[in-house]
Amino acid sequence: MSDFLAFKRQINAIQVPPELLGEVMLIYATLPAAEQTFEGRAKRIVALLTDRKMDDAGILAMAVTVRLMALDAALADDGIRHWTLPGDQPQRTYVHASVLRAACEETILEGPEGQPIFDPDGFRARVLRCAVASGSS
């Protein structure tokens, strides 16, 4: 098995709570411009998880990061964009809880350029299932 395939399997096996994903999104939204880099964001996530004394903070931080990268790609899809609201500032978007939950549950795949993505049809279907399960469809 390739190292990348093993990494994807490990990331997909990690349980990321939707609340954590949402909290990290809020942290990203409030970072100063100088910290709006991969490294700056990663440091903030690791610090958050370390402060909470969470096991395996490093790999959990990577799972959160990769899931948010895939979610960012999914939000370009019209079928998902309808589950968002414009934020109170430019470049800020509010995401429905069902989208966050789906982003935590859906399998991460590799896109054509090596980027993390979700299968668009599968992700849309999962968002709907999450919404129905929560009574918000």
Side-chain angles (χ1 to χ4, degrees):
M1 175 184 330
S2 75
D3 289 342
F4 185 71
L5 183 57
F7 173 74
K8 276 196 317 187
R9 285 189 177 162
Q10 184 179 18
I11 292 297
N12 278 318
I14 295 171
Q15 298 290 318
V16 176
E19 299 81 11
L20 177 60
L21 207 63
E23 185 174 357
V24 171
M25 288 176 73
L26 287 173
I27 290 170
Y28 279 11
T30 59
L31 283 177
E35 291 184 54
Q36 291 284 347
T37 64
F38 182 84
E39 293 81 14
R41 290 175 175 163
K43 285 179 185 178
R44 289 290 184 112
I45 298 170
V46 170
L48 171 72
L49 300 176
T50 302
D51 287 348
R52 292 187 179 173
K53 299 181 181 3
M54 297 185 86
D55 294 334
D56 300 322
I59 192 65
L60 179 56
M62 186 54 69
V64 168
T65 300
V66 170
R67 289 200 172 278
L68 286 175
M69 291 168 72
L71 176 58
D72 188 49
L75 290 173
D77 178 355
D78 284 338
I80 299 301
R81 197 171 322 124
H82 295 298
W83 289 84
T84 66
L85 291 172
D88 56 352
Q89 296 178 21
Q91 304 299 320
R92 189 174 290 177
T93 302
Y94 295 107
V95 179
H96 192 278
S98 297
V99 174
L100 287 181
R101 188 165 153 215
C104 290
E105 297 174 0
E106 190 68 14
T107 300
I108 296 168
L109 306 173
E110 183 177 357
E113 297 173 17
Q115 76 279 25
I117 63 168
F118 299 120
D119 171 69
D121 293 333
F123 189 73
R124 277 186 241 113
R126 187 171 300 267
V127 169
L128 290 174
R129 285 192 306 272
C130 290
V132 167
S134 70
S136 61
S137 62

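Just the heavy atoms: all of them, side chains too, but no hydrogens, waters or symmetry mates, feed the values below.
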Please tabulate, for the side chains in residues 108-118, all donor-acceptor contacts under 3.5 angstrom to protein atoms that are two or more places apart in sequence or on a different chain.
from: Gln115; atom 1: OE1; to: Glu113; atom 2: N; distance (Å): 2.9

inquiry  = By the ring pair (Phe, Tyr, Trp, His ring centres under 6.0 Å) test, which pairs, at least two apart or in different chains, include something from residues 20-56?
reply    = none

request  = For the residue pair Ile80 and Val127, establish whether any side-chain heavy-atom pair is separated by less than 4.5 Å.
outcome  = yes

Please round to the nearest 0.5 Å and tell me the distance separating atom [atom1] of [X] and atom [atom2] of [Y].
{"X": "Leu75", "Y": "Thr93", "atom1": "CG", "atom2": "OG1", "result": "7.0 Å"}
{"X": "His82", "Y": "His96", "atom1": "NE2", "atom2": "NE2", "result": "14.5 Å"}
{"X": "Gln10", "Y": "Ile59", "atom1": "CD", "atom2": "CD1", "result": "4.0 Å"}
{"X": "Glu106", "Y": "Asp119", "atom1": "CD", "atom2": "CG", "result": "6.5 Å"}
{"X": "Met25", "Y": "Leu21", "atom1": "CE", "atom2": "CG", "result": "6.5 Å"}

inquiry  = Glu105: which residues meet the side-chain hydrogen bond (donor to acceptor under 3.5 Å, both in side chains) condition with it, sequence neighbours left out?
reply    = Arg101, Arg126

inquiry  = If the condition is side-chain hydrogen bond (donor to acceptor under 3.5 Å, both in side chains), which residues does Gln15 pass it with, not counting sequence neighbours?
reply    = none

Working for side-chain contact (heavy atoms from CB on, under 4.5 Å), residues Leu100 and Leu71 = CA-CA 8 Å; Leu100 287 181; Leu71 176 58; 4.0 Å; yes

Check the hydrophobic clustering (I, L, V, M, F, W, Y; side-chain heavy atoms under 4.5 Å; chains of links allowed) and say if [X] and [Y] are grouped together.
{"X": "Leu60", "Y": "Ile27", "value": "yes"}
{"X": "Phe7", "Y": "Leu68", "value": "yes"}
{"X": "Met62", "Y": "Val24", "value": "yes"}
{"X": "Val46", "Y": "Met54", "value": "no"}

Closest heavy-atom contact between [X] and [Y]?
{"X": "Ala57", "Y": "Leu49", "result": "O-CD1, 3.5 Å"}
{"X": "Cys130", "Y": "Ala102", "result": "SG-N, 3.9 Å"}
{"X": "Ala131", "Y": "Ser98", "result": "CA-OG, 3.2 Å"}

ask   = Is there any side-chain hydrogen bond (donor to acceptor under 3.5 Å, both in side chains) pair reaching into residues 29-39, and which pairs are they, with sequence neighbours excluded?
value = Glu35-Arg44, Gln36-Arg41

query = For Ile14 and Asp56, what are the C-alpha separation, side-chain angles and deciding distance, and is it a side-chain contact (heavy atoms from CB on, under 4.5 Å)?
reply = CA-CA 10 Å; Ile14 295 171; Asp56 300 322; over 6 Å; no

ask   = Which residue pairs satisfy the salt bridge (charged side-chain N to carboxylate O under 4.0 Å, His left out) criterion with at least one member in residues 15-26, sequence neighbours excluded?
value = Glu23-Arg52

Pairs meeting criterion salt bridge (charged side-chain N to carboxylate O under 4.0 Å, His left out) with involvement of residues 61-86, two or more places apart = Asp77-Arg124, Asp78-Arg81

request  = Please identify each residue that fulfils salt bridge (Lys or Arg N to Asp or Glu O under 4.0 Å) with Asp51, with sequence neighbours left out.
outcome  = none

query = Residues sharing Leu26's hydrophobic cluster, by side-chain heavy-atom contacts under 4.5 Å among ILVMFWY, directly or via others?
reply = none

key: Pairing residues for Leu85 by the side-chain contact (heavy atoms from CB on, under 4.5 Å) criterion, not counting sequence neighbours   = Tyr94

